[in-house]
Amino acid sequence: LVWCPKYRRKVLVDGVDERLKELLLEKAAELGNPEAMDDYAYFVGSGVCRDKDIDKYTRPLEDSIELNNYYAMYELGRDYIEGKKVAQDIDRGVEMMTEAAENNCILAVKYLGYAYYDGEVVDYDEDKAEEYFAQWIDIDNRETGRLDAYMFLATDYYNGSKVKQDYVKAREYYQILFDAGFVGESYMLGKIYLEGLGIDADIDKGIEYYKIASETHEGEKASMVLAKLYYDGEIVDRDI
């Protein structure tokens, strides 16, 4: 077994007979291991050893849910919403996803936050989306300490790809990341201040952040910006 970041749990590595994998996972699931129930459901749902068997897929997930495994509830809820492995039932899927989120399943919280902004699975509701994002940040801070929520949301608010573009929120989250030691985010702060995105432009502050960024993994991009500024001499004194 190895830790798999994609599924946030341990999975069996390649190199083991596929039928043996199935039998071991099935046995562990029968013995009441909720993680094994998830893995067995995923294994069967992928159709590796046989044609996909919907009942064999959903039953171990439902058993795992009975043991209060809210990750399994998220997985099955998403399947009902997307209708890929089971017959689509959006209402049932959203209900399951909501219950998982109420029990602090971070993946369900994140999913619903974006869903309420997207407005396809559920009715568009910016307030609910923001509530789920706030919950996501809170769980992330308490349980992982990686500040993943800030990283995702800062980029999403800046680009306006999954949520409505909001430079003010993007700057707030980039600043939190920078203050927490993610100095590479100084590049984005420099860009926001220099170009006046959501705020009045502050050339000095923008250059200050770009200079910090020039010493990080964003160094090449930041240095190119600074070199052009000093060469053009339009908003700062020209300095060849």
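What you are looking at is a predicted structure, and each value in this text was computed from that prediction instead of being measured.
The nearest pair of heavy atoms linking L197 to K191 is CD1-O, 4.3 Å. Of all heavy-atom pairs between Y117 and A129, the closest is CD1-CB, 3.4 Å. Contact between G198 and V168 at its shortest, heavy atoms only, is O-CG2, 3.7 Å. Nearest heavy atoms, Y116 versus D123: CD2-O, 3.4 Å. Residues A201 and L194 share a closest heavy-atom pair of CB-O, 3.9 Å. Contact between K110 and W136 at its shortest, heavy atoms only, is CD-CZ2, 3.6 Å.
Atom OH of Y111 has more than 12 neighbouring heavy atoms from other residues, nucleotides or ligands inside a 6.0 Å radius. More than 12 heavy atoms of other shown residues, nucleotides or ligands fall within 6.0 angstrom of atom CD in E143. In the displayed structure, Y231 atom OH is contacted under 6.0 Å by at most 12 heavy atoms of other residues, nucleotides or ligands. Around atom CD of E95, no more than 12 heavy atoms belonging to other residues, nucleotides or ligands sit under 6.0 Å away.
No donor-acceptor pair under 3.5 Å is formed between the side chain of N159 and the backbone N or O of S161. At least one donor-acceptor pair under 3.5 Å links the side chain of N103 to the backbone N or O of E99. Between the side chain of D138 and the backbone N or O of A134 there is no donor-acceptor pair closer than 3.5 Å.
Residues V236 and I212 are members of one and the same hydrophobic cluster, defined by side-chain heavy-atom contacts under 4.5 angstrom among Ile, Leu, Val, Met, Phe, Trp and Tyr. In this structure, Y114 is a member of the same hydrophobic cluster as I90, with clusters built from ILVMFWY side-chain heavy atoms closer than 4.5 Å. Under a hydrophobic clustering in which Ile, Leu, Val, Met, Phe, Trp and Tyr are joined whenever their side-chain heavy atoms come within less than 4.5 Å, directly or via other members, Y158 and I199 fall into the same cluster.
Taking the charged nitrogens against the carboxylate oxygens, R59 and E62 have no contact shorter than 4.0 Å, which rules out a salt bridge. With respect to E185 and R171, no salt bridge is recorded, no charged nitrogen being found less than 4.0 Å from a carboxylate O.
In summary, the side chains of Y209 and Q175 do present a donor paired with an acceptor at a separation below 3.5 Å, with no hydrogens or angles considered. Side-chain contact of Y157 with Q165: a donor-acceptor pair under 3.5 Å is absent, judged by distance alone. Under 3.5 Å, the side chains of Y210 and E208 contain no donor-acceptor pair of N or O atoms. Between the side chains of E172 and Y174, no donor N or O sits under 3.5 Å from an acceptor N or O.
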Walk me through it: do N104 and Q135 pass the test side chain to side chain donor-acceptor pair (under 3.5 Å)?
CA-CA 8 Å; N104 291 324; Q135 184 183 358; 3.0 Å; yes
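Looking at I203, D239, I235 one by one, the single match for side chain to side chain contact (heavy atoms under 4.5 Å, CB included) with L229 turns out to be I235.
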